[in-house]
Amino acid sequence: ICSEQGIYKYPKVGRRVDGGSSEDVSLLRLVKDLREVKQFSFEAIANYLNSKKYTTVCGKRFNMANARFKYLDAIREGL
């Protein structure tokens, strides 16, 4: 990542100091729904998202920690 020249390795990733999440709102809603309505664990949410071919904004596969932070982002944004 080279912010001085305006070149970013992951252009979809926003700056955390600006607040909010860089993820799509529909993905955050899905994670929150799976956690609260269907009572999935974070590991089960990560496996579900990977089976549906979702990726993080960096193009990586989801893991338990990613799912947990996406859930917390959904709560923080009031979805």
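In what follows, every heavy atom counts, from backbone to side chain, and hydrogens, waters and symmetry copies are set aside.
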Closest contact, heavy atoms only, A46 versus A67: N-CB, 4.2 Å
Out of curiosity, does L72 fall in the hydrophobic cluster containing F42 (side-chain heavy atoms, cut-off under 4.5 Å, transitive links)? yes
Approximate separation, where rounding is to 0.5 Å, of R68 CZ and N63 CG: 12.0 Å
Can you tell me how far apart CG (N50) and CD1 (I45) are? Round to the nearest 0.5 Å. 12.0 Å
State the CZ-CG distance between R76 and L28, to the nearest 0.5 angstrom. 10.5 Å
Output for pair (R29 CZ, K70 NZ), nearest 0.5 Å, gives 16.0 Å
How about F62 and V31: do any of their side-chain heavy atoms sit closer than 4.5 Å? no
Could you measure the distance from the CG atom of L34 to the CG atom of L49? Nearest 0.5 Å is fine. 6.5 Å
Not counting sequence neighbours, list each pair that qualifies as a side-chain hydrogen bond (donor to acceptor under 3.5 Å, both in side chains) and has a residue in residues 32-41. E36-Y71
